[in-house]
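Per chain, numbering begins at 1; letters A, B, ... match sequence-line order.
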2 protein chains.
Amino acid sequence: MTQKDEFDLQNFLPYLLNQAAEESSYAFQRVYKDRYGMLRNEWRVLFHLGRYGQMTAKEIGERAKLHKTKISRAVGKLEQRRYLLRTRDEADRRSEILSLTPAGQTVYKDLRETAQGYDAKLSAMFPTGEAALLRGMLRRLSGID
Amino acid sequence: MTQKDEFDLQNFLPYLLNQAAEESSYAFQRVYKDRYGMLRNEWRVLFHLGRYGQMTAKEIGERAKLHKTKISRAVGKLEQRRYLLRTRDEADRRSEILSLTPAGQTVYKDLRETAQGYDAKLSAMFPTGEAALLRGMLRRLSGID
DNA sequence: CCTTGTTAGTTACAAAATCAACTATTATCC
DNA sequence: GGATAATAGTTGATTTTGTAACTAACAAGG
């Protein structure tokens with residue numbers, strides 16, 4: 001029975017990552033959820049349009065690694081709330097060009113500020129330099145680099 | 001328009017953590033899902049019982065930070081599959097003592113091996129020492145320490 | 001004891017994610 | 001050009017999660 005069973009969930013990287021992700025997302029989630037009634041995918045779509053300007057659902061999907069059904073539904077919701085506009089792309093009538101309305105941009109800016117401040121607070125948990133290292137490692141794990 | 005808008009989702013810690021968690025969980029998820037038809041919560045409950053021996057649903061909840069409904073459903077599923085047994089706790093008849101069947105233990109051991117190997121592979125992505133640092137930071141973010 | 005409050009766990013209903021099938025349009029290639 | 005395949009996006013059916021209400025058992029105070 002006394003196997004070398006040091007292995008513990010609390011050392012398992014996927015588990016740790018999930019816990020950290022959940023915990024660290026919580027406070028910010030409350031903002032976009034409670035303040036704007038938005039879901040995570042809606043916030044992500046909003047962010048991409050706010051940050052990078054107009055683009056199609058497909059492009060958002062590629063950048064944000066979101067499945068097209070998630071995007072489709074998020075776009076629908078954001079449109080209902082008058083945060084975004086769709087325009088048929090006349091060059092390729094299958095796709096739509098999405099862009100934020102002024103209202104959407106206002107929400108984006110508010111959420112971006114909040115996110116930025118929250119990120120700073122999280123980063124401040126670590127000594128100088130370490131937060132940057134952490135980001136690098138996470139990017140590596142996500143297969144971004 | 002040329003605001004100091006360096007802020008990017010790809011630098012936002014909660015986002016990075018989510019991406020890394022998703023990506024790094026994927027390969028392992030396929031194992032317990034495809035090989036045993038299990039869900040994440042089921043694997044976690046199984047793991048806790050396999051690793052620490054019999055305990056009640058409540059104790060699992062505290063250790064694994066899982067809500068009681070998730071545990072309740074996971075336990076039901078694991079029982080159906082004959083991976084665990086419930087015994088009414090005679091000292092407190094509200095709670096049940098949960099334990100793995102031999103079949104459950106076999107599954108646990110297999111998954112633990114797989115997890116261990118997978119974790120080693122992930123850790124090997126980083127120079128010596130850095131993986132430990134990463135774990136420490138993640139624990140910190142999860143509020144474990 | 002007996003009312004009131006807690007706690008362990010389940011269940012029911014609503015919200016959301018997943019997966020496959022579907023429509024409309026464009027690209028390929030004979 | 002016309003059949004076939006590929007692509008953008010939507011919709012519907014199923015599964016999974018989240019939330020709140022519920023049952024059963026224990027605890028505490030009078």
Criterion salt bridge (charged side-chain N to carboxylate O under 4.0 Å, His left out) on B:Arg35 and B:Asp110, from CA distance to verdict: CA-CA 10 Å; B:Arg35 199 182 296 171; B:Asp110 179 33; 2.7 Å; yes
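Going from atom CG of B:Leu78 over to atom C1' of C:dG9 covers 16 Å, rounded to whole Å. A straight line from CD of B:Glu96 to C1' of C:dT10 spans 10 Å, rounded to a whole angstrom. Atom P of nucleotide D:dT10 and atom NZ of A:Lys77 are separated by 15 Å, given to the nearest angstrom.
For the salt bridge (Lys or Arg N to Asp or Glu O under 4.0 Å) test with B:Glu90, the passing option among B:Arg88, B:Arg94, B:Arg93 is B:Arg93; the others fail.
Note: B:Phe28 and A:Phe12 meet the aromatic proximity criterion, with ring centroids under 6.0 Å apart.
A single hydrophobic cluster is seen to contain both B:Leu46 and B:Val31, as judged by linkage of ILVMFWY side chains at heavy-atom distances under 4.5 Å, directly or through other members.
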Return the polar atom pairs (N/O with N/O) between nucleotides 20-28 of chain D and the protein under 3.5 Å, or none.
residue: D:dC26; atom: OP1; partner: B:Arg93; partner atom: N; Å: 2.8

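To the nearest 0.5 angstrom, A:Leu66 atom CG is 12.0 Å from A:Ser72 atom OG.
Counting any heavy atom pair closer than 4.0 Å across all strands shown, B:Ile71 reaches no nucleic acid atom.
Between B:Ala57 and B:Lys33, the one whose closest nucleotide on DNA chain C sits nearer the 5' end is B:Ala57.
In this structure, of D:dT10, D:dT7, C:dT18, it is D:dT10 that holds the atom nearest to the side chain of A:Ser72.
Contact annotation: side chain of B:Arg73 to base of D:dG18, donor-acceptor pair present below 3.5 Å.
Under the 30°/60° scheme for interplanar angles, the aromatic rings of B:Phe47 and B:Trp43 are found to stand perpendicular.
Here B:Lys70 does not reach the OP1 or OP2 of D:dT17: none of its side-chain N or O atoms lies under 4.0 Å away.
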